[in-house]
There are 2 protein chains.
Amino acid sequence: MFVENGGSPNYMEIELQIKMNPSLYLRDPEQSELGKNIIKHSIQLIHDNGFEAFTFKKLAESIGTTEAGVYRYFENKHKLLVYIISWYWCWIQFQLSYQTNNIEDPAIKLKKVITLLSTNVEDDITTGHVDEFQLHQILIAEGSKAYLTNHVGKDNNQQFFQPYKDLCNTIGEIILECNPKYKYPHSLASTIIEMAHLQNFFMNHLPTLTDFSKSKDEKEIIKYLEELVFNTIRI
Amino acid sequence: MFVENGGSPNYMEIELQIKMNPSLYLRDPEQSELGKNIIKHSIQLIHDNGFEAFTFKKLAESIGTTEAGVYRYFENKHKLLVYIISWYWCWIQFQLSYQTNNIEDPAIKLKKVITLLSTNVEDDITTGHVDEFQLHQILIAEGSKAYLTNHVGKDNNQQFFQPYKDLCNTIGEIILECNPKYKYPHSLASTIIEMAHLQNFFMNHLPTLTDFSKSKDEKEIIKYLEELVFNTIRI
DNA sequence: TTTCAAATAATAGTATTACTATCTTAAATA
DNA sequence: TATTTAAGATAGTAATACTATTATTTGAAA
């Protein structure tokens, strides 16, 4: 991942560009207008109707191109989903390093992590064609479908889940900074990530599975997770 | 849910029969040989190839009936998935009340819950056409697909997730017995349920997301969850 | 300036999926 | 015996998930 001037006509703007695993695409969607439109409209459509109802035909219609045009960029809709989800984890990783930069106290860093993962972000204007708000919603409802497949092993061998794993490692290291003797830093990291999303989904769709149904407030999820995490690592 | 003599020719046997939400099916699969075969072979096929690869045509071929025959029992494959998942949660609820019967100490009850959810059960012979071992594997890999849809609200209105919610409430009550002042009993219950499955999936398929990759032993997951749970409720 | 390669657009076609409909036969029940 | 009911057999449709072909446009190297 790197930050660069993306060749925008407004010379002083900085554009955040994320380098993705090339096995995920046939043609790099960042390198053309059609490609960027594929990403933009995919996010819109998956957000609006869910991944099951999402087809390349509808996507093509929404962009104003043909099905074959989309297939030149992505082999199938699963790889496209993994692409945008990976993109999101890279973006979160960048946000995390940005937001925890210069913070010494690992407990404060860990709180930042929990807040970052639980908060419905606002759209980041430095990434023109990606709506991070919608992307966060997609992660909540569709994130686990990236790996809950019978080809998870193959996908994993092709490093499709590297950004997720990297993030999990980063969080695991912060946990170990808090308590170097804690025995389950990776499992706790993946628990934080998944529960930040799942408790949000439950809060909004199956409220009796949570204790936040009255307020429907993300801040409650943050409090729950903070208690869970800091009590188990004993701070 | 009730236990009854299922009309077996071996008169002294007890058969566990679980009453399911009738909105899930068109014809009750428990009431015919074909119906029982649909359940049995669905579990086998979804276990072997995953839910995405599962079709009513393949199911019909595997049973030796026709596609139309299956459609007489279930409207679509999603409802069939929700059916077998609901069945599993009812069965777990029964196991839970059976195993915690006569136990006074709520902390021991809660440990039983964690172990029950994390352990790969053996096939229960009192449920002839259901293989609980395979069903547990299905829950791990496909369980969240029951509710991660864009029609979760409608499904919820039809009470499709009642057995899951009931289990969550039961576990929440045990948590409150341990600590009546704990503020998040339902969220902690759903966290235990989901993480018992997800950490198992990660352990076997994306091991760097956990700390159990060396042993690949369920007992490690149980230890992790026990620490997480009992530290957060402060026992 | 030409040329050549790459991207795109337009169109067509296939196998599979997710159903619906109908008609006949077999078995259970009244 | 008559009648409902389930099951079996067969057919058909719309949508999905692709693949293939050809023609057109564009942009960079020779």
Margin query: Applying salt bridge (charged side-chain N to carboxylate O under 4.0 Å, His left out) as the test, list every pair that has at least one member in residues 60-75 of chain A; sequence neighbours left out.
Written below: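 As it turns out, the salt bridge (charged side-chain N to carboxylate O under 4.0 Å, His left out) pairs with a partner in residues 60-75 of chain A, which skip direct neighbours, are A:E75-A:K79.
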Checklist line | All pairs passing salt bridge (charged side-chain N to carboxylate O under 4.0 Å, His left out) where residues 208-217 of chain A contributes a residue, at least two apart | finding: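 Sorted pair list comes back empty.
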Roughly, in whole Å, what's the span from [atom1] in [X] to [atom2] in [N]?
X: A:L59; N: D:dT16; atom1: CG; atom2: P; result: 13 Å
X: B:Q31; N: D:dT5; atom1: CD; atom2: C1'; result: 14 Å
X: A:N76; N: D:dC18; atom1: CG; atom2: P; result: 5 Å
X: B:L26; N: D:dT5; atom1: CG; atom2: C1'; result: 15 Å
X: A:F56; N: D:dA15; atom1: CZ; atom2: C1'; result: 16 Å
X: A:K58; N: D:dC18; atom1: NZ; atom2: C1'; result: 16 Å
X: B:E61; N: D:dG8; atom1: CD; atom2: P; result: 15 Å

Note to self: List the residues meeting side-chain hydrogen bond (donor to acceptor under 3.5 Å, both in side chains) with A:Q31, not counting sequence neighbours, and say none if there are none.
What the structure shows: A:D28
Checklist line | side-chain hydrogen bond (donor to acceptor under 3.5 Å, both in side chains) partners for B:Y147, two or more places apart | finding: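 Here the qualifying residues are B:E194.
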Tell me, please, which residues at least two apart from [X] pass ring pair (Phe, Tyr, Trp, His ring centres under 6.0 Å).
X: B:Y88; result: none
X: A:H47; result: none
X: B:Y224; result: A:Y184

Residues 135-144 of chain A, side-chain donor-acceptor partners within the protein, below 3.5 Å, at least two apart:
unit_1: A:H136; atom_1: ND1; unit_2: A:N120; atom_2: OD1; d: 2.8
unit_1: A:Q137; atom_1: OE1; unit_2: A:N120; atom_2: ND2; d: 2.5
unit_1: A:E142; atom_1: OE1; unit_2: A:K145; atom_2: NZ; d: 2.6
unit_1: A:E142; atom_1: OE2; unit_2: A:F51; atom_2: N; d: 3.3

Notebook entry, point to check: Would you say the side chains of B:N37 and B:E33 form a donor-acceptor pair under 3.5 Å?
Noted result: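 Result is no, nothing qualifies.
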Notebook entry, point to check: Looking across every strand, which nucleic acid part, if any, lies under 4.0 Å from A:K57 by heavy atom: base, sugar-phosphate, or nothing?
Noted result: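 No contact at all - A:K57 keeps every heavy atom at 4.0 Å or more from the nucleic acid.
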Check: Base, sugar-phosphate, or nothing for A:F74, non-hydrogen atoms under 4.0 angstrom?
Finding: nothing
Notebook entry, point to check: If you look at every heavy atom in A:F160 and A:S23, which pair is closest and at what distance?
Noted result: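 Nearest pair, atom of A:F160 first, then A:S23: CE1-CB, 3.7 Å.
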Throw together a table of side-chain donor-acceptor distances under 3.5 angstrom for residues 197-206 of chain A, partners on residues two or more places apart or in other chains.
unit_1: A:Q199; atom_1: OE1; unit_2: B:S187; atom_2: OG; d: 2.9
unit_1: A:Q199; atom_1: NE2; unit_2: B:S187; atom_2: O; d: 3.4
unit_1: A:Q199; atom_1: NE2; unit_2: B:S190; atom_2: OG; d: 3.0
unit_1: A:Q199; atom_1: NE2; unit_2: B:T191; atom_2: OG1; d: 3.3
unit_1: A:N200; atom_1: OD1; unit_2: A:N204; atom_2: ND2; d: 3.0
unit_1: A:N204; atom_1: ND2; unit_2: A:N200; atom_2: O; d: 3.1
unit_1: A:H205; atom_1: ND1; unit_2: A:F201; atom_2: O; d: 3.3

Do any N or O atoms of the protein come closer than 3.5 Å to N or O atoms of nucleotides 19-29 of chain D, and which pairs are they?
none

Check: So where does chain B start and stop touching DNA chain C, 5' to 3', when the test is distance under 4.0 Å to a non-hydrogen atom?
Finding: C:dT17 to C:dA21
Item checked: Nearest-nucleotide 5' precedence on DNA chain C, A:E33 against B:E52 ->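 Per heavy-atom nearest nucleotide, the more 5' residue is A:E33.
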Checklist line | Sub-4.0 Å heavy-atom contacts from residues 144-153 of chain A onto DNA chain D, ordered by number | finding: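 The answer is none.
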